[in-house]
Structure formats: C-alpha cells, structure tokens
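In what follows, a single structure is set out as structure tokens and then discussed.
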Amino acid sequence: MWAAIISEFADSPSQSRVARFLLENGFGVNHNGRIECNGIEVSATKVAKAIGTDRRVVDATARHILKSPSLREIFANIRVTPDLSFLAGRLGLSVITIIPKDARQKGIVGAAVEIVTTHNLNIRQIFVTDPMLSEEPRLVIIIDGSLPGAVIEEIKSLPQVKRVIL
C-alpha cells in the first residue's frame, strides 16, 4: 500500500509528507476534500502546523487523494482506534512493547500472543505499527492486570525479538 502511495506522490515530496502524516495518525479525507478523523473534520491549518507545511499543501494533497480512486478508497475508510497504552496504569492494565529484529518477518505477532495466552492472560488490546510507516515498528500488547516475569522472559527469548519495553 505505501509503495502505491509513494508513487502517487512521487512528483511532490511535500504532499507525500502530508499523506504519510494522515496515514500515521488515522486521518482520512471526506468526499468534500476535508481532512477528518472518524468523521470529525480537522482543519487543514492545524494539520499543516503539526507537520510544518502550508495549509495549501494539505488542501492540494486532499484534492490529489480524491482524484485517485485507489487513494480515495483508502483515505475515505481509514479509522482511528483509541490507544489504551497511555492509560494502562490507571486502568489496571500492563503494556509490553516488542521491537522486532525484522518487522517484515512472519510469525512475530502469533508467537507473542501464544506466550501471553499460554499464561492465561486476557489481552485487552494489541496493535502493530506498519513497518512501511514507522522507522521503528513495534508490537504493543496490553493485558489485564500484571505482567508475570516469565512472560517477559519468554517473549525476550523469541528469535524475532530485538528488544522488549515495559
């Protein structure tokens, strides 16, 4: 997907930066060419300020997206899900973040989830950052209660794991 988006914006690095920002943050483009997040409009000026560009670049990117059927399909249907990791402590949850050696390698998520479920832990949320959109892709698992040391050690010992952050 990201390769198609990059090629679509090959002639405009500034619009490519806007498209990347929109994807990273789950922002879409509605049928009127307005930036939105889960159906709520977000001003192009605010988006521009966040990434250090001009509002007109954001507007031009939105128009460009609408002109491309494949991009329009992606950006019209993107949605944001709340990230519980920032609230975990207050909600009695634990977070384990796994940095893989190679995020394109298969089986990382399955291996980590198998360890967690083998210890009879309840997964509340799991998300993975896309290796094409993130400089340091990661797998984040949020569970109910405390994270036993045995789980941490087993995940650390997986051959795909570079680093574990608690």
Side-chain angles (χ1 to χ4, degrees), residues 1-29 35-38 42 47 50-53 61 65 68-166:
M1 170 184 75
W2 184 241
I5 293 169
I6 288 174
S7 70
E8 188 75 35
F9 291 104
D11 61 337
S12 178
S14 58
Q15 286 188 21
S16 179
R17 265 188 42 229
V18 172
R20 183 182 186 111
F21 176 84
L22 296 177
L23 279 175
E24 287 174 346
N25 291 284
F27 290 171
V29 177
I35 307 301
E36 63 176 35
C37 179
N38 293 350
V42 178
V47 172
I51 58 178
T53 193
T61 305
I65 287 168
S68 167
S70 60
L71 291 180
R72 186 174 53 243
E73 183 68 22
I74 291 166
F75 285 93
N77 292 300
I78 196 165
R79 297 291 177 263
V80 176
T81 302
D83 177 354
L84 296 178
S85 64
F86 296 102
L87 305 168
R90 290 182 223 141
L91 298 175
L93 307 173
S94 294
V95 179
I96 185 165
T97 301
I98 301 162
I99 308 299
K101 290 178 182 170
D102 179 358
R104 295 169 300 207
Q105 187 178 3
K106 294 179 181 178
I108 300 167
V109 175
V113 167
E114 184 176 351
I115 290 170
V116 170
T117 57
T118 298
H119 286 268
N120 203 29
L121 298 171
N122 184 35
I123 297 174
R124 292 284 299 270
Q125 191 176 59
I126 186 168
F127 59 91
V128 180
T129 54
D130 189 316
M132 301 303 273
L133 296 175
S134 176
E135 290 182 26
E136 190 174 48
R138 56 192 60 224
L139 162 63
V140 179
I141 302 173
I142 302 169
I143 65 158
D144 279 327
S146 299
L147 197 58
V151 170
I152 297 164
E153 292 307 314
E154 286 179 47
I155 289 175
K156 280 183 180 178
S157 71
L158 290 172
Q160 306 98 320
V161 174
K162 176 180 172 182
R163 187 170 45 133
V164 172
I165 303 167
L166 301 174

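Quick caveat: nothing in here was measured; it's all calculated off a predicted structure. Sequence positions, counted from 1, serve as the residue numbers for this chain.
The CG atom of Leu84 sits 5.0 Å away from the CD1 atom of Ile142 when rounded to the nearest 0.5 Å. Atom OG1 of Thr97 is separated from atom CD1 of Ile165 by 5.5 Å, given to the nearest 0.5 angstrom. Taken to the nearest 0.5 Å, the CZ atom of Phe75 stands 10.0 Å off from the OG atom of Ser70. Distance check, rounded to the nearest 0.5 Å: CD1 of Ile152 to CD1 of Ile96 gives 5.5 Å. Going from atom CG of Leu71 over to atom CD of Glu73 covers 10.5 Å, rounded to the nearest 0.5 Å. Rounding to the nearest 0.5 angstrom, the gap separating the CD1 atom in Ile99 from the CZ atom in Arg138 is 3.5 Å.
In this structure, Thr118 contributes its side chain and Glu114 its backbone to a donor-acceptor pair below 3.5 Å. Without hydrogens or angle criteria, Ser68 side chain to Ile65 main chain gives no donor-acceptor distance under 3.5 Å. With Asn25 contributing its side chain and Phe27 its backbone, the two residues share no donor-acceptor pair below 3.5 Å. Listed for the Ser12 side chain is no donor-acceptor partner under 3.5 Å among the backbone atoms of Phe9.
Nearest heavy atom pair, residue Gln160 against residue Lys106, reads NE2-O, 4.2 Å. The minimum heavy-atom distance between Leu121 and Pro148, with the atom names listed, is CD1-CD, 3.8 Å. Taking each heavy atom of Thr129 and Glu136 in turn, the nearest pair found is OG1-O, 4.2 Å. Residues Ala103 and Ile108 approach most closely at CA-CD1, 4.3 Å, considering heavy atoms. When all heavy atoms of Gly26 and Val80 are compared, the pair lying nearest together is O-CG2, 3.2 Å. The two residues Leu147 and Ser94 make their nearest non-hydrogen contact at N-OG, 3.5 Å.
Using a 4.5 Å cut-off on side-chain heavy atoms (C-beta onward), Leu158 and Glu154 make no contact. Two residues are said to be in side-chain contact when any heavy atoms from C-beta on lie closer than 4.5 Å; Asp83 and Val140 fail this criterion. The shortest distance between side-chain heavy atoms of Leu93 and Ile143 does not fall below 4.5 Å. In this structure the side chain of Ile155 reaches within 4.5 angstrom of the side chain of Val116, judged on heavy atoms. By the 4.5 Å heavy-atom criterion applied to side chains, Lys101 and Lys162 are counted as neighbours.
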Check step by step if side chain to side chain contact (heavy atoms under 4.5 Å, CB included) holds for Arg124 and Leu91.
CA-CA 11 Å; Arg124 292 284 299 270; Leu91 298 175; 5.5 Å; no

Any chance you could lay out the side chain to side chain contact (heavy atoms under 4.5 Å, CB included) test for Val29 and Thr61, step after step, and finish with the verdict?
CA-CA 10 Å; Val29 177; Thr61 305; over 6 Å; no

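Within 6.0 Å of atom CZ in Arg90, 12 or fewer heavy atoms from other residues, nucleotides or ligands are found, so the atom counts as exposed in its surroundings.
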